[in-house]
Structure formats: structure tokens, C-alpha cells
Amino acid sequence: MTFRETVWRLVRRIPRGRVATYGQIAALLGRPRSARAVGGALRRCPADLPWHRVVNAQGGISGRAQMSSMLTQRIRLEAEGVAFRRGRVVLRAHAWRSTARQRRGFP
DNA sequence: GACTTGACTAGAC
DNA sequence: AGTCTAGCCAAGT
């Protein structure tokens with residue numbers, strides 16, 4: 001099982017209408033400093049993966065080569081009911097909380 | 001096995 | 001709040 005595959009498996013668990021950050025995914029996999037590698041895992045991923053539910057630590061959509069792809073991500077999120085504010089996802093409202101510890105600790 | 005490449009981040013101004 | 005920087009690390013070459 002490669003790192004990339006574990007990322008995909010976890011991303012599939014993010015429910016509709018919620019988002020996770022790259023760093024959060026990395027931390028949940030026990031590799032808190034591999035956020036960047038998580039981005040790499042999503043750069044090329046299966047078409048049916050809900051990749052749009054992963055955003056950066058500020059709730060923003062991270063740079064892609066094509067801007068159309070960034071727009072696609074926002075549109076897909078809004079279609080799931082995710083609210084944006086000044087170009088950022090409202091993390092307070094939509095951050096995926098998978099554990100009790102995170103429920104307490106999320107800013 | 002040694003580089004290089006990013007869909008990252010926290011910290012410093 | 002915006003910009004820069006230095007770490008970081010899995011994958012690709």
C-alpha cells in the first residue's frame with residue numbers, strides 16, 4: 001500500500017458538504033509533515049475520488065496549472081452546500097471532524 | 001540511488 | 001492582511 005493509496009482511501013471517507021485540509025489528511029495518516037505529499041497524491045487520482053473536498057490550511061483552493069480546475073472545485077463544493085467567504089471555505093462550519101480530539105482542538 | 005518537482009505549511013516581517 | 005522563506009517528503013526521472 002503506497003502512501004498515495006492511503007491518501008485516496010482516507011479522502012473517500014470525507015462526507016458530502018465537509019472539507020479536510022492537506023495537513024489534516026497527512027496528520028490522520030500519522031505523517032504530520034507530509035501535507036505536501038498529500039497534494040502530490042491528489043494531483044493524479046482516480047476520477048471518482050472526491051478530491052474537491054480537500055483544501056489548504058486557510059480554506060483556499062490551492063494552485064493548479066489550469067484555473068478552470070480551481071473553479072470546478074469551488075463549484076462542486078458549493079453544490080454540496082459548502083459556504084465560501086472571501087474566496088475561502090468557511091472552515092468553522094464545514095471542516096471535517098473525524099475524531100473527538102479534533103472536535104475539541106480545531107481552531 | 002541521487003536529483004527534481006510540487007494541489008503544503010508555519011513562521012517571520 | 002499580503003509576501004517570502006525555509007523545511008518537508010512521496011513520486012517521478
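Note on naming: letters A, B, ... go to the chains in the order of the sequence lines (proteins, then strands), and numbering restarts at 1 for each one. Below, each value reflects all heavy atoms present in this structure, side chains not excepted, and no hydrogens, waters or symmetry copies.
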- Task: Using both distances under 3.5 Å as the test, list the Watson-Crick or G-U wobble partner of C:dA1, or none.
- Result: none
- For B:dG1, which nucleotide in any strand shown is its Watson-Crick or wobble partner with both distances under 3.5 Å? none
- Of the candidates C:dA11, B:dG6, B:dA7, the side chain of A:Arg64 sits closest to B:dA7
- Report yes or no: is the cationic atom of A:Arg36 (NZ for Lys, CZ for Arg) closer than 6.0 Å to the six-membered ring centre of A:Tyr22, at no more than 45° off its axis? no
- Between A:Arg4 and C:dC9, is there a side-chain N or O to OP1/OP2 distance below 4.0 Å? no
- Message: Looking at the base of B:dG6, is there any donor atom on it, or on the side chain of A:Arg43, that sits under 3.5 Å from an acceptor on the other one?
- Response: no
- Message: I want to verify a distance call: between C:dG12, B:dT9, C:dC9, whose nearest atom is closest to the A:Arg33 side chain?
- Response: C:dC9
- Message: Using Watson-Crick or G-U wobble geometry with both distances under 3.5 Å, which nucleotide pairs with B:dA7?
- Response: none
- Query: Do you see a donor-acceptor pair shorter than 3.5 Å between the side chains of A:Glu80 and A:His94?
  - Reply: no
- Query: Just wondering, more than 12 heavy atoms not from A:Arg12 lying within 6.0 Å of its CZ?
  - Reply: yes
- Message: Need one value for A:Gly23: base, sugar-phosphate or nothing, where a base atom within 4.0 Å counts as base even if backbone is also close, heavy atoms only.
- Response: sugar-phosphate
- Message: Checking contacts here: which listed nucleotide (C:dA10, C:dG7, C:dA11) is nearest the side-chain heavy atoms of A:Thr2?
- Response: C:dA11
- Message: Whether the A:Arg64 and A:Gln73 side chains hold a donor-acceptor pair (N or O, under 3.5 Å, no angle test) is what I'd like checked.
- Response: yes
- Listed nucleotide nearest any side-chain atom of A:Tyr22, set B:dA7, C:dA10, C:dG7: B:dA7
- Item | Nearest listed nucleotide, side chain of A:Phe3, among C:dG12, B:dG6, C:dA10 | C:dA10
- Message: Among B:dT9, B:dC8, C:dA10, which nucleotide has an atom closest to any side-chain atom of A:Ser34?
- Response: C:dA10
